[in-house]
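Encoded as structure tokens, the structure appears first; notes follow it.
Scope of the values below: all heavy atoms of this structure, side chains included, with no hydrogens, waters or symmetry mates. What you see is a predicted model, and the numbers here were worked out from it, not measured in a lab.
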Amino acid sequence: MSKAVGAERFSTDIAPPGCLWAGARRAGVPHARVVAVHTREARALPGVVAVLTGADVPGANLQGIVHKDQPVLVTDTVRHAGDAVALVLAESREALAGALSLIRTELVPLPGVFDPEQALAPGAPLVHSGREGGNLLAHALVEKGDAPSAFAGCDVVVEGRFETPMQEHAFLEPPNGTARMTRDGGIEMTASTQAPFRDRFEIGHALGLNPMRVRVRAPYLGGGFGGKDGATVQCLLALAALHGGGRWVKMCWSRGETFLAGYKRHAARVRVRLGASRQGTLQALDCAMLFDSGPYAHLAVEIMALAMEHAGGPYLIPHTRIEGSCAYTNNPVGGAFRGFGVAQASFAVERAMDSLAQRLGMDPAELRLKNALRPGDLNCAGVPMESPAGAAECLEAVMAHPAWKERDAWKAQAPACKRRGVGIAASFNAMGYGRGLPDAAAAKLELTKGGTFRVFNSVPDMGQGNAAAFALMAAEALNQETAAIEVVQPDTRLCLPAGSSSASRTTYTFGNALLKACGAMREKLKARAALFLLADEPDRLAIRPGAVVDEATGRSVSLSQIGSMLQRDDRICIDQFVMPVVENPPDTGKEFRLGFPHRMYSHGACVCAVEADELTGQVELVRCVTAVECGRVFDSLGVERQVQGAAAQGAGFALLEDLHVEEGLIRADGLDRYLIPTALDLPPLECVSVEGDEPTGPHGLKGMGEVGVHGPAPAVAQALEDAVGLVARRLPVNPQEVLEAMGGEKP
């Protein structure tokens, strides 16, 4: 409710009185050697407190979640236009802007590389000189069976090359935070971040600080979608705080700076070769994926790993060979984005399924249903699908929906100058970090003196509603009204360690830890209440809203009485949970140290209906129906909202969102030029929940924050092929391509 009425304070709302302002001067060129950064004029400007360059950065001056290769402030080489070359602290925003404009840089342009394939060619300009492997960041192979031989036995083989673009997160709240140096030399910070506990170590490594002396608070985020899973302002802000004399320092990126320096969904090129029997049974897959990492590794290797794990879609394919590479370029930095590589893989494999259905003369939905993974089947990485595996159920749900069943009649009723088409797609998405990186959370639950409960949440809520889910879980587990549950947002001093708010893991992992803590609290409440009630059998006591009751005697004691009696240590219960992993991993993907493979998956299927204008080529998404299987549904409204948000991002990925990156520079660098779907661009986004029951999940649920994003792009592409004959192999589809397809010309 506090968010709905505008009372909730986000990080960007926090501006302590008398705080300093910090900002970064960006390079503005994609590749250059740094000769000098002239700061004298900026330092002399009234109101300027400090101007810092790379020479002022203590510690390693390198950040990165897994692979630390991104400088906080560049020293010798600019590798993309968003690199920070200087940091300014000033008394006001006006002084900050003035100082940033006075910083002069001497940069010698270097030849850049802006295409991942060209980056891997012999003689290509090197993004990181002297690096073994040149611009090849990583290469890996995932195999099952014998794909090369299996193709010889296929009756039908289709091939295609597909491209997906970078995508901007476009969250409402920009990267921002406040920080100050404490009297004991530590750092305290409030930031819009998805990973406050990991931030401490990121800051500590980059700046040579003791991470345990860094305190990070994470209020509700105004969106993240992966774009705040990694350092944005954190290291710059901590560096500024070291020079702020103990005063608070605030940093808030503009929208333009967010486009320039923020992470993007990786652009990808995927070649797919898919073979099947004459009856439509899939036999073999050969796939090669290439990701554009930009100039720094960030999470490119881990994203590539997840993409490869999903390259075969939610289908049973006996023989697979999936090769992956990611390359350094001087383009914007690739990073986590809802779907984490699966969105790129899903588009490619689903388009290949469309092509196969056409060659076989089969209904595309029936082809998918025939090959959908069932419990016990091995996915394309050789991991057995555990129960529930709901790809088939999701397909059946959307196939039964009027949007699919009545598509022929709907298409026949197209108005003048319009052509209509309907498409279908299926998807799945792994949960959690995967094998090799403990996916853990610890929960702390406190009974207050007033008899209410306080949940110390360790994983940020970036809008997905996990904080509300935790309140509901605790209320149900403790048999209390939700008004009796307070959720404290993440604070590394008050809350217990947990992983990031990402990877569809949040509610599953912390929820499990919280329910275990609630169980311990129930036992404690009964035991302590027994002292009041003189009950020598605490198990006979029952917890009711606001009280513990002895049904045998009719006597009760209020929770406030118990809370006021106990010392604080005795009012707290703590427990933890670690997500289970694949017990017998397949003998493949050995290049991946972290995050491969996964044990649990959510599933989805999507039907999209489009209307193409014969005069303008504009495409209207008229219907979008998404079915999801995410275990047992704990909060139906929460599931529906997640699916709607994901589907909207998937629709933007399909039809609108294009950064126009040229020579490493983003041409659509603001929301006036980078178009995302608005309410006027979208139909009602329908959600169908297919009930499952994950035995290891809290209340049987699984994660589902990402699976809904994968369907719209391939479903829209198939719908356009149905409507105008356009065989879309790259995204986003633009009106010119649609017009050319209707004119019979090759796009």
Side-chain angles (χ1 to χ4, degrees), residues 347 350-351 353-355 357-369 394-427 604-628 640 643-644 646-648 650-656 675 677-688 708 710-728 731-745 747:
F347 178 70
E350 289 299 297
R351 289 269 63 204
M353 289 291 283
D354 292 340
S355 179
Q358 191 173 57
R359 285 282 304 279
L360 291 166
M362 285 185 70
D363 180 281
E366 294 294 343
L367 176 65
R368 286 167 166 83
L369 185 61
C394 289
L395 277 165
E396 289 169 344
V398 295
M399 289 166 70
H401 193 281
W404 183 255
K405 286 186 71 174
E406 301 170 7
R407 62 191 185 282
D408 291 336
W410 180 76
K411 289 189 293 184
Q413 296 167 5
C417 300
K418 303 282 188 180
R419 298 190 195 179
R420 287 175 167 177
V422 181
I424 192 169
S427 61
C606 180
V607 166
C608 287
V610 302
E611 203 167 73
D613 190 305
E614 293 179 343
L615 303 178
T616 66
Q618 293 290 335
V619 177
E620 180 182 358
L621 179 60
V622 180
R623 296 194 79 165
C624 179
V625 183
T626 303
V628 293
E640 183 178 348
V643 169
Q644 289 172 339
F653 193 45
L655 291 170
L656 292 173
L675 303 181
T678 68
L680 297 178
D681 300 308
L682 296 169
L685 299 168
E686 300 176 62
C687 171
V688 179
H710 305 309
V716 164
Q718 187 193 110
L720 277 170
E721 187 167 355
D722 187 37
V724 303
L726 172 63
V727 182
L731 298 174
V733 178
N734 64 55
Q736 183 64 31
E737 292 172 304
V738 176
L739 276 178
E740 290 172 344
M742 287 190 285
E745 300 175 11

CA sep, side-chain torsions, deciding dist, call: Val398, Trp404, side chain to side chain contact (heavy atoms under 4.5 Å, CB included) = CA-CA 7 Å; Val398 295; Trp404 183 255; 5.8 Å; no

Would you indicate whether the side-chain heavy atoms of Arg368 and Glu350 approach each other to under 4.5 Å?
-> yes

Please determine if Glu620 and Lys418 form a salt bridge, counting it only when a charged side-chain N lies under 4.0 Å from a carboxylate O.
-> no

Scanning both residues in full, the closest heavy-atom pair of Ala651 with Pro712 reads N-CB, 3.7 Å

Is Val607 close to His401 at the side-chain level, that is, under 4.5 Å between some pair of heavy atoms?
-> no

Does any non-hydrogen side-chain atom of Arg419 lie less than 4.5 Å from one of Glu614?
-> yes

Quick one: are Pro677 and Leu682 in side-chain contact, heavy atoms under 4.5 Å?
-> yes

Note, Val716 side chain near Val733 side chain (heavy atom, < 4.5 Å) | no

Looking only at non-hydrogen atoms, find the nearest pair between Val738 and Gly617 and report the distance.
-> CB-O, 3.5 Å

Closest non-hydrogen atoms of Cys624 and Ala647, given as atom of the first, atom of the second and distance, are SG-CB, 4.2 Å

Nearest-0.5 Å distance that lies between atom CD in Glu366 and atom CE in Met399 = 4.0 Å

Name all residues meeting the salt bridge (Lys or Arg N to Asp or Glu O under 4.0 Å) criterion together with Glu640; count only those two or more places apart in sequence or in a different chain, and write none if there are none.
-> none

Can you tell me how far CZ of Phe653 sits from CG of Leu731, rounded to the nearest 0.5 angstrom?
-> 5.5 Å

Go through Arg420 and Asp408 one step at a time and tell me if the salt bridge (Lys or Arg N to Asp or Glu O under 4.0 Å) criterion holds.
-> CA-CA 10 Å; Arg420 287 175 167 177; Asp408 291 336; over 6 Å; no

Could you walk me through whether Asp363 and Arg407 pass the salt bridge (Lys or Arg N to Asp or Glu O under 4.0 Å) check?
-> CA-CA 13 Å; Asp363 180 281; Arg407 62 191 185 282; 3.1 Å; yes

Can you list the steps and then say if Arg623 with Glu686 is a salt bridge (Lys or Arg N to Asp or Glu O under 4.0 Å)?
-> CA-CA 8 Å; Arg623 296 194 79 165; Glu686 300 176 62; 3.1 Å; yes

What pair of heavy atoms forms the shortest contact from Met742 to Asp613, and how long is it?
-> CE-O, 3.3 Å

Here the gap from Leu369 atom CG to Cys394 atom SG, rounded to the nearest 0.5 Å, amounts to 11.5 Å

Say you draw a straight line from CG of Asp681 to CG of Leu655; how long is it, rounded to the nearest 0.5 Å?
-> 9.5 Å

Which atom of Trp410 lies closest to which atom of Val622, heavy atoms considered = CZ2-CG1, 3.8 Å

Nearest non-hydrogen partners of Ala425 and Pro714, listed with the distance = CB-CG, 3.7 Å

CG (Leu726) and CD (Gln718) are apart, to the nearest 0.5 Å, by 12.5 Å

Please test Val643 against Leu685 for side chain to side chain contact (heavy atoms under 4.5 Å, CB included), starting from the C-alpha separation and ending with a verdict.
-> CA-CA 8 Å; Val643 169; Leu685 299 168; over 6 Å; no

Going by heavy atoms in the side chains, are Val688 and Val625 under 4.5 Å from each other?
-> yes

To the nearest 0.5 Å, atom CE of Met353 lies from atom CD1 of Ile424 at 11.0 Å

Between Glu611 and Val619, does a side chain to side chain contact (heavy atoms under 4.5 Å, CB included) hold up when you go through it step by step?
-> CA-CA 6 Å; Glu611 203 167 73; Val619 177; over 6 Å; no

Got a sec, which pairs hit salt bridge (charged side-chain N to carboxylate O under 4.0 Å, His left out) with one end in residues 712-728, sequence neighbours left out?
-> Arg351-Glu721, Lys411-Asp722

